[in-house]
S.K.: 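Below you will find the structure I want to go over with you.
Computation of the quantities below employed the complete heavy-atom set of this structure, encompassing side-chain atoms and omitting hydrogens, waters and symmetry-equivalent molecules. Chain letters run A, B, ... following the sequence lines, proteins first and then strands; every chain starts at 1.
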There are 2 protein chains.
Amino acid sequence: MCMEPIEIFKALSNESRLQILHWLKDPEKHFTPHEGIDMRKIGVCVSQVTEKLKMTQSTASQYLAILERAGLITTERIGKFTYYKRNEDTIREIGAFFNNDI
Amino acid sequence: MCMEPIEIFKALSNESRLQILHWLKDPEKHFTPHEGIDMRKIGVCVSQVTEKLKMTQSTASQYLAILERAGLITTERIGKFTYYKRNEDTIREIGAFFNNDI
DNA sequence: TTGACATATCGATAATTTGCGATATTATAA
DNA sequence: TTATAATATCGCAAATTATCGATATGTCAA
């Protein structure tokens, strides 16, 4: 799983990315349904995040990529949409890292 | 207590500052004694950190200041020395924040 | 195939961070 | 007081990050 604490902390050092991560915790509460997809299982797509962020599609896509490279979210392509959801395993690991190693 | 997650994550987004925080967890293991000070209770001074970091005094002082502003360490001046030690309360809080809010 | 979307990537500029040397400040000892 | 040691702060150049618009790529429907 090889998490990179520095990369993770950098990913978390941005208000918008923290927001995204928070929204994804309870997606049904923060996003409108989309294509009959189960947000809890599959995630939400870039457009949904873009709209909620009120930033450009380019920025949203990049932020999601940063969170993904840090291991905080995972991605799945379905048709022309790319869905992202939290990676609770990594998030738990960081919690443990924080409690034990920091 | 008003911790600022973003500022905390920024402070942690740097290898040297993570090191400092780690060294301070068990200071007796990482620093040589200094002026008969109890490192566990009082902390370690800027010179000790500077030497171990192998960076300039200027940089060490600034990094300690960043960690302090983030609430991760506290400072105490004794004579001409400034001692820094971990702020376990804040660190625990962040752990909890991480587990509950992220 | 072509058109229309969804997403990713490129290139740019502004803002922030890194780490340094130089200098200012503070505290002590002579 | 003055010299000196410890620390803080300032100003800088280089590196990185934020965010955008433009464009490329991928996917489906007609």
S.K.: Of A:Arg17 and B:Thr82, whose nearest nucleotide on DNA chain D comes first from the 5' end?
M.R.: B:Thr82

S.K.: For C:dT18, does OP1 or OP2 lie under 4.0 Å from any side-chain N or O of B:Ser16?
M.R.: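 Answer is no, no contact under 4.0 Å.
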
S.K.: Regarding A:Thr59 and A:Thr56, is there a side-chain donor-to-acceptor distance under 3.5 Å anywhere?
M.R.: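 Result is yes, a qualifying pair exists.
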
S.K.: Do the side-chain N or O atoms of A:Ser47 get closer than 4.0 angstrom to the phosphate oxygens (OP1, OP2) of C:dC5?
M.R.: no

S.K.: Report, as a single string ordered 5' to 3', how protein heavy atoms within less than 4.0 Å touch nucleotides 11-16 of chain C: B base, S sugar-phosphate only, - not at all.
M.R.: ------

S.K.: With distance as the sole test, does B:Ser61 use its side chain to make a donor-acceptor pair with the main-chain N or O of B:Gln57 at under 3.5 Å?
M.R.: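 Answer holds: no.
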
S.K.: Kindly say if A:Tyr84 contacts the phosphate of C:dA8, meaning a side-chain N or O under 4.0 Å from OP1 or OP2.
M.R.: yes

S.K.: Rounded off to whole Å, could you give me the CD1-to-C1' distance for the B:Ile20 and C:dT18 pair?
M.R.: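 To the nearest whole Å, that distance equals 13 Å.
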
S.K.: Would A:Lys25 and B:Asp101 satisfy salt bridge (Lys or Arg N to Asp or Glu O under 4.0 Å), going step by step from the backbone distance to the final call?
M.R.: CA-CA 9 Å; A:Lys25 192 166 189 179; B:Asp101 298 84; over 6 Å; no

S.K.: Give a yes or no on whether the backbone of B:Ala11 and the side-chain of B:Arg17 come within a donor-acceptor separation of less than 3.5 Å.
M.R.: yes

S.K.: Side chain of A:Gln57: nearest nucleotide among C:dT18, D:dT7, C:dT7?
M.R.: C:dT7

S.K.: B:Phe97 and B:Pro5: which non-hydrogen atoms are nearest, and at how many Å?
M.R.: CZ-CG, 3.6 Å

S.K.: Can you tell me if B:Lys85 uses its side chain to pair, donor with acceptor, with the backbone of B:Lys41 under 3.5 Å?
M.R.: yes

S.K.: Angle class for the A:Trp23/A:His30 ring planes (parallel below 30°, perpendicular above 60°, tilted otherwise)?
M.R.: tilted

S.K.: Between the side chain of B:Asn87 and the main-chain N/O of B:Gly71, is any donor-acceptor distance below 3.5 Å?
M.R.: yes

S.K.: Please tell me which of the listed nucleotides, D:dC20, C:dA6, D:dT7, lies nearest to the side chain of A:Phe81?
M.R.: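 Out of D:dC20, C:dA6, D:dT7, the nucleotide with an atom closest to A:Phe81's side chain is C:dA6.
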
S.K.: Ignoring backbone atoms, test whether A:Asn14 places a side-chain nitrogen or oxygen under 4.0 Å from the OP1 or OP2 oxygen of D:dT17.
M.R.: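 A:Asn14 to D:dT17 OP1/OP2: no side-chain N or O under 4.0 Å.
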
S.K.: For nucleotides 25-30 of chain C, just jot down a letter per nucleotide in 5' to 3' order: B, S or -, based on protein non-hydrogen atoms under 4.0 Å.
M.R.: --SS--

S.K.: How close or far is atom P of C:dT9 from atom CD of A:Glu68, stated in whole angstroms?
M.R.: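 Spelled out: CD on A:Glu68 to P on C:dT9 is 10 Å.
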
S.K.: Nearest-nucleotide wise, let me know which of B:Thr75 and A:Thr59 is further upstream toward the 5' end of DNA chain D.
M.R.: B:Thr75

S.K.: Taking OP1 and OP2 of C:dA8, is either one under 4.0 Å from a side-chain nitrogen or oxygen of A:Ser61?
M.R.: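 It does, given that an N or O in the side chain of A:Ser61 lies less than 4.0 Å from OP1 or OP2 of C:dA8.
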
S.K.: Start at the 5' end of DNA chain C and walk down; is the nucleotide closest to B:Ile66 or to B:Thr56 reached first?
M.R.: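 Whichever sits nearer the 5' end wins; that is B:Ile66.
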
S.K.: Under 3.5 Å, side chain of B:Glu51 to main-chain N/O of B:Gln48, donor-acceptor pair present?
M.R.: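 No, the answer is negative, given that no donor and acceptor are paired below the 3.5 Å cut-off.
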
